[in-house]
Amino acid sequence: MEESNKNLKLKIEQLKKEKNCLILAHYYTRKEVQQIADFTGDSLALAQRAADNEADMILFAGVRFMAETAKVLSPDKKVLLPVMEASCSLADSCGAEELKRMKEQYPDHKVVSYVNTSVEVKALTDVCCTSSNALDVVGSFDKEQKIIFTPDANLGGFINNLTGRNMKLWKGACHVHDAVSVKSVEELKAEHPAAKVLVHPECRAEVVALADYAGSTKGIIDYAKNSDSEEFIIVTEPGVMYEIEREAPGKRFYSISRSNSCVECEYMKMVTLENIYEALLHEEPVVEIDEQVRCAAEKSIREMLKIK
Ligand code: 13P
Ligand code: SF4
C-alpha cells in the first residue's frame, strides 16, 4: 500500500508539473491527498487561492461546491473534480427553486449564503460567507437590514446569538457536524479534563455551548497552535487531525471521532490518490457552469472576498 501510494504520488507530481495544474485540498480530505496538494486550507482560503493563481488547470480535492467556486472564480481554467458525486449534505439541503420562493415571500431581505451551496443558490445570493468570515459578512449589513441566511441553521443560529440579530434561517445542516452529541464531547472531557474543547460552528448549539473556542477548521488549527494549553478535544471532521498535528507538534489532540463514530465526511473521503491520478491523466471530470449562472454567482462570491 505504502509503495503503491509512493508511486502514485510520483506520477501525480510529474503530471501536475507537465500540465501546470494546481491541486487544492480541503483539510477534511485523506492524509495522503493533503500530502500531494499544492495548497491545503479551509473553505475561505481555498476560494481565495482559486481566485488568485498562475496555474493553467485546477484540480479540486474536495467536494463539488468547492470545485464550482473555483470554476466561478477562474472561468478560463479547466477545473477538475476527481469524483463528481462528491456532494455535501448542507449544499444538497438548499434547492434554488425553494430559495427563489423564499425570496419572493420576503422581498425586503438580503440573502447571505454559506459557500456550502450550489452555484445556482449562490446566483440568488447577495453575499456568500464561510465559517471564517460569517461574522464579518453579516456585520457588513446595517443592523436594521433583514437577512435570510442559508443553508446552515446551526451556523446561522451561532451568528444570531453572537450578534443579537434575528436572521431567517434555512433549515439545513451538515450531517457530519449535526451528528455530534453532547454526550460524546462530555465523555472525552471526562477523560481529559484539562483539554480545551475546540468546536466547529456547524455543530448544534448545545455542542457549541461546551466549547472553549468555536470557529472554522483554520480557526481551530490556529487556536491549538497559538494556545498555551497542551491538550485539545477536536470537535470537527477528523481529517483536520493531519494538519493540526503538523502545525502543533508535541501537543496532544483527541478527535471527537473516537467517541462519536459517525463524524466522518464520506464525500470528502471519496477523493483518493487513484482518482486524482486518473483525473489528471485524462483531464476529466471537468466542472462546467452555465455562463449566466456563473456571472451571478461570481458577484456574491466576490462581495465576500472584498470583505475578507
Ligand atoms: P471550513 O473549511 O470553512 O471550516 O468549513 C468546514 C466544512 O464543512 C467544509 O465543508
Ligand atoms: Fe458538507 Fe459537512 Fe461534508 Fe463539509 S463536512 S462537505 S459541510 S457534508
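Bear in mind that the values here come from a model prediction, so they are computed numbers and not experimental data. Whatever order the structure lists ligands and atoms in, that order sets their numbers, starting from 1. Nothing fancy with the numbering, it's 1 onward along the sequence.
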Participant: Among all residues two or more places apart in sequence or in another chain, which pass the salt bridge (Lys or Arg N to Asp or Glu O under 4.0 Å) test with Asp38?
Facilitator: Lys16
Participant: Between Gln34 and Tyr27, is any side-chain donor less than 3.5 angstrom from a side-chain acceptor?
Facilitator: no
Participant: Can you sort out which atoms of ligand 2 are near Glu202, meaning under 4.0 Å from one of its heavy atoms?
Facilitator: 7 (S)
Participant: Check for me, please, whether Ile289 and Met57 land in the same ILVMFWY cluster - side-chain distances under 4.5 Å, paths through other members count.
Facilitator: no
Participant: Between Lys103 and His109, is any pair of side-chain heavy atoms under 4.5 Å apart?
Facilitator: no
Participant: Answer yes when Lys71 and Glu68 have at least one side-chain N-carboxylate O distance shorter than 4.0 Å, and no when they do not.
Facilitator: no
Participant: Going only through I, L, V, M, F, W and Y residues with side-chain contacts under 4.5 Å, is there a path from Leu10 to Ile23?
Facilitator: no
Participant: Can a donor-acceptor pair be found between the side chains of Ser113 and Thr125 at a distance below 3.5 Å?
Facilitator: yes
Participant: Looking at residues at least two apart in the chain, or sitting in another chain, which of them share a salt bridge (Lys or Arg N to Asp or Glu O under 4.0 Å) with Glu283?
Facilitator: Lys19, Lys78
Participant: Measure and list all N/O to N/O distances between ligand 1 and the protein that fall under 3.5 angstrom.
Facilitator:
residue, atom, partner, partner atom, Å
ligand 1, 2 (O), His26, NE2, 2.6
ligand 1, 2 (O), Ser43, N, 3.0
ligand 1, 2 (O), Ser43, OG, 3.1
ligand 1, 2 (O), Thr217, OG1, 3.2
ligand 1, 3 (O), Ser43, OG, 3.2
ligand 1, 3 (O), Ser131, OG, 3.0
ligand 1, 4 (O), Ser131, OG, 3.3
ligand 1, 4 (O), His200, NE2, 2.9
ligand 1, 4 (O), Thr217, N, 2.9
ligand 1, 4 (O), Thr217, OG1, 3.0
ligand 1, 8 (O), Glu202, OE1, 3.2
ligand 1, 8 (O), Glu202, OE2, 3.0
ligand 1, 10 (O), Asn116, ND2, 3.3

Participant: Decide if the gap between the ring center of His175 and the ring center of Tyr267 is smaller than 6.0 angstrom.
Facilitator: yes
Participant: Short of 2.8 Å from atom 3 (Fe) of ligand 2, name each protein N/O/S atom, waters not counted.
Facilitator: Cys265 SG
Participant: Tell me whether the NZ or CZ atom of Lys196 lies within the 45° cone about the ring axis of Tyr223 and under 6.0 Å from its centre.
Facilitator: no
